[in-house]
Protein chains: 2
Amino acid sequence: MSIFKVASFNVNSVKTRLPILERWLGEDPVDVLCLQETKVQDPDFPVSAFRDLGYHVAFRGMKSYNGVAVASREEPDEVAFGFGDGEEPDDGPRVARVRFGDLTVLNTYVPQGKALEHPDFLYKLRFFERVLALLERHCREADPVLWTGDLNVAPTDRDVTHPENKRDHVCFHRDVQRAFRDVLSWGLEDVYRKHRPGDGEFSFWDYRVRDSLARNIGWRIDHLLASPPLAERSVDAYAVRELRAQERPSDHTAVVGVFRR
Amino acid sequence: MSIFKVASFNVNSVKTRLPILERWLGEDPVDVLCLQETKVQDPDFPVSAFRDLGYHVAFRGMKSYNGVAVASREEPDEVAFGFGDGEEPDDGPRVARVRFGDLTVLNTYVPQGKALEHPDFLYKLRFFERVLALLERHCREADPVLWTGDLNVAPTDRDVTHPENKRDHVCFHRDVQRAFRDVLSWGLEDVYRKHRPGDGEFSFWDYRVRDSLARNIGWRIDHLLASPPLAERSVDAYAVRELRAQERPSDHTAVVGVFRR
DNA sequence: GACGGCGGCG
DNA sequence: CGCCGCCGTC
């Protein structure tokens, strides 16, 4: 059976994370890799490191913050950044849309939102609405579509360690969970949960919580959301915890979806 | 034959260098270790790391720059920082004087001097004069005395890789070499050269010169200078190159003097 | 509190 | 190139 793998990884600086990326992709290559928080301006993006690993790479970044990239073994047929909806900011360094034949991969780095009362939180809720509008504009539910990335939302109580004390957190508040569900209602299925329904399935472990990985105190905020024809072909999904356990790790790990071709 | 070892090591941040110091002193302990560029304020000095290695430690530092320390297996009978000559600045974070019985160890971090035309260069020349005055005030040539540290001077053509292009360098100019020799004339012998007279004997390899250690493009600016009764007991001296070859190294390595007790 | 980027420095 | 302090993020 021929399969392909699509992964999402918030790298928290792609340059700093190159050793980890090289080790990982050298051992267990994926076909499409969506990165967030690359934190690098386009002229400084480490293109050759990806080329040497056998990947094409499309990227849009800025100094210090944000930045998305999509690395892939095959060259995409179409690449676009930002919402392109006329609204400002267009958010190129947070939104990448890539097409391979009839498969669309949408890679987003959703704003964290800072605090419930902060303007950025309203912007975050608006961000989800714009993702939905983008799907409606560019995709069809009957085609294979994957929305992935660091979505900065833990959708259910099982997606955090202590849900009770997180009700007012910008990544767990019911308003952000509803905004997220509203996008899913377009016709997307959580294919990570399809294969890993249990407790303690996380993709982010805070640097500030000591031994968070060893104690498994984390959040599931990096997602793989597939349209029905793609979800139907999904055969596995997993988080690559080894990446979080290495020297100088990102605070996130990669999540990988495995699909029938 | 019972011996003792005295070392000098510009650590370029003592906190950053703890793993290297622990590995080194664990394997090949020295009796007295003079450090320069500790780059730490006194309240933050990692006293317990030295205690755990079996060392007493006296230190005087500041934020970001300079800072000297003397670690020793035996507790010193006397410790003093700075020139104490009434001149300002007294330079506590550059000058440590420590006495063990009749042995005086003078640990200095001589200012680099920035540029020949910079006021710091005159201050550097004055620094050597003040070292001489300090020796005259506190020591006798007939007693064992060791002047050591990062002296920021390569005394002869053999002490750098390309002497021709360094005549106007603040660590190689004839004025700084003369200022250094004037201190030696008090009655000190270069005990490193006594045992290692050859070419390519260095203690510093610039981070900015690629593969400087492997290509041995360096400077001998860290010194071991002994009064006659101590020089007479000197049996070996060497630079510990392994320290420069480790992960996250200082740009200097340690120089070690071995003496009969 | 532990990362990241940055500018200044040698 | 690798320190430092600084500041911003989460």
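Everything numeric here is computed off the predicted structure, so don't read it as measured data. Lettering follows sequence order; numbering is per chain, from 1.
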Closest to the [X] side chain, choosing from [options]:
X        : options              : answer
A/Gln112 : D/dG2, D/dC10, C/dC6 : D/dC10
A/Ser64  : D/dC10, D/dG5, C/dC6 : C/dC6
A/Lys63  : C/dC6, C/dG4, D/dG5  : C/dC6
A/Lys114 : C/dG10, D/dT9, C/dG4 : D/dT9

Side-chain N,O ([X]) to OP1/OP2 ([N]) below 4.0 Å:
X        : N     : result
A/Ser13  : C/dG5 : yes
A/Ser250 : C/dC3 : no
A/Arg17  : C/dG4 : yes
A/Arg248 : C/dA2 : no
A/Arg210 : C/dA2 : no
B/Ser212 : D/dC1 : no

>> Is a donor from one side chain sitting under 3.5 angstrom from an acceptor on the other, for A/Gln36 and A/Asn107?
In response: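 The criterion, which ignores hydrogens and geometry beyond distance, is satisfied for A/Asn107 and A/Gln36.
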
What's the [atom1]-[atom2] distance between [X] and [N], to the nearest Å?
X        : N      : atom1 : atom2 : value
A/Tyr65  : C/dG5  : OH    : P     : 11 Å
A/Glu247 : C/dG4  : CD    : P     : 12 Å
B/Leu213 : D/dG2  : CG    : P     : 13 Å
A/His169 : D/dC10 : NE2   : P     : 10 Å
B/Tyr109 : D/dC3  : OH    : P     : 15 Å
A/Ile221 : D/dC10 : CD1   : C1'   : 9 Å
B/Gln36  : D/dC3  : CD    : P     : 17 Å
A/Asn66  : D/dG8  : CG    : P     : 16 Å

> Considering residues at least two apart in sequence or located in another chain, which fulfil the side chain to side chain contact (heavy atoms under 4.5 Å, CB included) criterion with A/Arg158?
Replying inline: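 By the side chain to side chain contact (heavy atoms under 4.5 Å, CB included) rule, A/Arg158 matches A/Thr156, A/Arg193, A/Pro197, A/Asp199.
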
> Sequence neighbours excluded, which residues qualify as ring-ring contact (aromatic ring centres under 6.0 Å, His included) partners of B/Phe127?
Replying inline: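 Checked B/Phe127 against ring-ring contact (aromatic ring centres under 6.0 Å, His included); matches are B/Phe83.
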
> Name the one of A/Phe180, A/Phe204, A/Tyr109 that satisfies ring pair (Phe, Tyr, Trp, His ring centres under 6.0 Å) with A/His223?
Replying inline: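 One option only clears the test, and that one is A/Phe180.
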
> If you pin A/Asn12 and A/Asp206 to their nearest nucleotides in DNA chain C, which one's is more 5'?
Replying inline: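 Here A/Asp206 is the residue nearer the 5' end.
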
>> Students often get this wrong, so: under 4.0 angstrom with heavy atoms, is B/Tyr207 touching a base, only sugar-phosphate, or nothing?
In response: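 It contacts base atoms.
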
> Taking NZ, NE, NH1 and NH2 as the nitrogens, is one of them in A/Asp91 or A/Arg60 under 4.0 Å from a carboxylate oxygen of the other?
Replying inline: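 The answer is no: the pair does not qualify as a salt bridge.
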
